[in-house]
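The structure appears below as structure tokens.
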Amino acid sequence: MNVEELSSIMDEHYSLKRLVYVNSAKHAYSEIMLDSHLALFGKNNSGKTASLAGTKLTLFPEVSFTRNEEKFRFKGKAGLYSPVESYDFYFPRANSFIVLEVENPEGLFCMVLYRAADLGYGRFFIPVPYDTLRPVFWDRKSNAFSENLNLAAVRDFSKANDGLQVTEMKQLRKIMFSRTSMGRGRNRFSVIPIIDDRSESIEAFYNIYHLAFDNSDVETQSLPSAIATLLEMRRGHDRERLDANLLK
């Protein structure tokens with residue numbers, strides 16, 4: 001990617017619009033608007049930080065809670081939560097869902113996370129705004145859950161609206177971090193365009209995003225790792241790479 005291409009990306013508009021919890025993270029049903037000023041109020045341990053930290057599940061191209069402590073770093077007062085604890089918190093039921101509404105240069109779309117077996121979760125990418133998708137989860141007239149709140153209903157809606165179901169990390173990386181200039185269709189579900197889909201580049205994004213939630217290890221882990229990877233990701237050959245350990 002050259003300077004002109006990078007400058008072009010900077011001129012494009014990408015925005016996280018809305019985060020929706022359905023039977024997840026201590027929410028029955030909540031819509032959290034992310035593209036405006038936001039204040040969350042609640043008692044200690046009521047799930048305020050965990051609600052925002054849940055964006056890691058939507059933005060990281062992962063498909064399970066295995067190695068949860070390393071990947072997501074969900075924390076409580078007692079320390080890092082285990083994979084089982086995190087899985088049960090965000091997906092306690094078969095009808096637990098997390099929805100992220102995203103806007104990119106090709107329009108609005110929704111990413112829907114759903115519970116899978118063995119500490120796993122899958123996703124649907126559906127090219128509609130959340131206002132169109134909402135009736136699958138919530139009935140505004142009766143102010144109650146939809147009558148058929150289940151995975152089958154989400155799958156049917158996705159199929160009817162040219163959605164895409166994804167359960168593999170490799171495919172998620174290509175979809176979520178690509179540019180949208182390839183035209184409309186199944187390449188339009190870009191959330192955050194990055195320079196490439198190398199593991200090092202993805203790791204840099206992880207570390208940068210962790211900085212929003214990490215307090216104790218910013219100087220000793222997250223920040224050095226992010227800086228090191230950002231320095232290296234533009235180098236095309238191993239012999240050009242920095243021979244230094246920035247963690248030390």
Side-chain angles (χ1 to χ4, degrees), residues 12-42 47-48 50-61 90-116 121-167 172 175-193 209:
E12 294 175 351
H13 180 71
Y14 292 80
S15 175
L16 307 183
K17 305 290 289 184
R18 186 186 333 233
L19 181 66
V20 182
Y21 285 107
V22 182
N23 291 324
S24 172
K26 295 186 178 181
H27 296 261
Y29 178 86
S30 297
E31 296 182 23
I32 302 174
M33 305 307 297
L34 300 176
D35 61 345
S36 59
H37 295 297
L38 172 70
L40 295 178
F41 298 93
K48 300 186 299 298
S51 296
L52 297 180
T55 54
K56 295 180 181 180
L57 296 175
T58 63
L59 297 180
F60 294 1
Y90 287 105
F91 296 102
R93 304 177 182 178
N95 62 354
S96 294
F97 301 95
I98 302 175
V99 185
L100 180 68
E101 183 185 37
V102 180
E103 182 178 14
N104 67 21
E106 294 191 13
L108 291 167
F109 71 89
C110 291
M111 179 198 305
V112 182
L113 277 61
Y114 61 90
R115 172 175 169 148
Y121 58 96
R123 308 175 195 237
F124 292 98
F125 293 86
I126 310 175
V128 300
Y130 185 72
D131 286 340
T132 303
L133 175 62
R134 184 185 290 109
V136 175
F137 304 106
W138 189 255
D139 185 340
R140 276 192 161 181
K141 291 183 178 180
S142 61
N143 200 32
F145 288 117
S146 300
E147 291 185 4
N148 297 315
L149 177 60
N150 53 54
L151 181 58
V154 179
R155 183 181 293 112
D156 290 344
F157 183 92
S158 177
K159 289 181 178 180
N161 289 273
D162 195 28
L164 179 66
Q165 185 175 10
V166 182
T167 58
L172 281 175
I175 292 172
M176 294 173 59
F177 299 122
S178 67
R179 292 196 62 190
T180 60
S181 57
M182 297 178 67
R184 286 191 174 275
R186 292 183 175 178
N187 290 319
R188 69 159 299 224
F189 300 121
S190 178
V191 181
I192 300 173
Y209 201 77

Nearest 0.5 angstrom please: L59 CG to L16 CG, how far?
5.5 Å
Return the CD to OG distance between E147 and S142, rounded to the nearest 0.5 Å.
8.0 Å
Do any N or O atoms from the side chain of E101 and from the backbone of Y130 form a donor-acceptor pair under 3.5 angstrom?
yes
Indicate yes or no for a side-chain donor-acceptor contact from N148 to the backbone of A153 under 3.5 Å, with no hydrogens or angles considered.
no
Are L151 and F97 side-chain neighbours, meaning at least one heavy-atom pair lies under 4.5 Å?
yes
Rounded to the nearest 0.5 Å, the CE atom of M111 sits from the CZ atom of R123 at a distance of 5.5 Å
Y114 ring center within less than 6.0 Å of F124 ring center
yes
Taking the side chain as C-beta and beyond, is there a heavy-atom pair between F145 and F137 under 4.5 Å?
no
Could you tell me whether a side-chain N or O of T167 sits under 3.5 Å from a main-chain N or O of G122, the two making a donor and an acceptor?
no
With a 4.5 Å limit on heavy-atom distance, are the side chains of D156 and V136 in contact?
no
Apply salt bridge (Lys or Arg N to Asp or Glu O under 4.0 Å) to residues D131 and R140 and explain how you reach the verdict.
CA-CA 11 Å; D131 286 340; R140 276 192 161 181; 5.2 Å; no
Beyond-backbone contact of F91 with I98, side-chain heavy atoms, under 4.5 angstrom
yes
Donor-acceptor contact below 3.5 Å, side chain Y21 vs main chain S51:
yes
Roughly how far, to the nearest 0.5 Å, is CD1 of I32 from CZ of R18?
11.5 Å
Do F157 and V128 touch side chain to side chain, with heavy atoms closer than 4.5 Å?
yes
Could you measure the distance from the CZ atom of R155 to the CD atom of Q165? Nearest 0.5 Å is fine.
5.0 Å
W138 backbone acceptor or donor facing S146 side chain under 3.5 Å:
yes
For the residue pair F125 and F109, categorise the inter-ring angle as parallel (less than 30°), tilted (30 to 60°) or perpendicular (more than 60°).
tilted
Would you call L133 and V112 a side-chain contact if the rule is heavy atoms closer than 4.5 Å?
yes
Backbone N/O of P92 and side chain of N23: donor-acceptor pair under 3.5 Å
no
Can you check side chain to side chain contact (heavy atoms under 4.5 Å, CB included) on V102 and T58, steps first, answer last?
CA-CA 11 Å; V102 180; T58 63; over 6 Å; no
Just how far is it from atom CG of L52 to atom CG of L19, taken to the nearest 0.5 Å?
8.0 Å
N161 (side chain) donor-acceptor with I126 (main chain) under 3.5 angstrom:
no
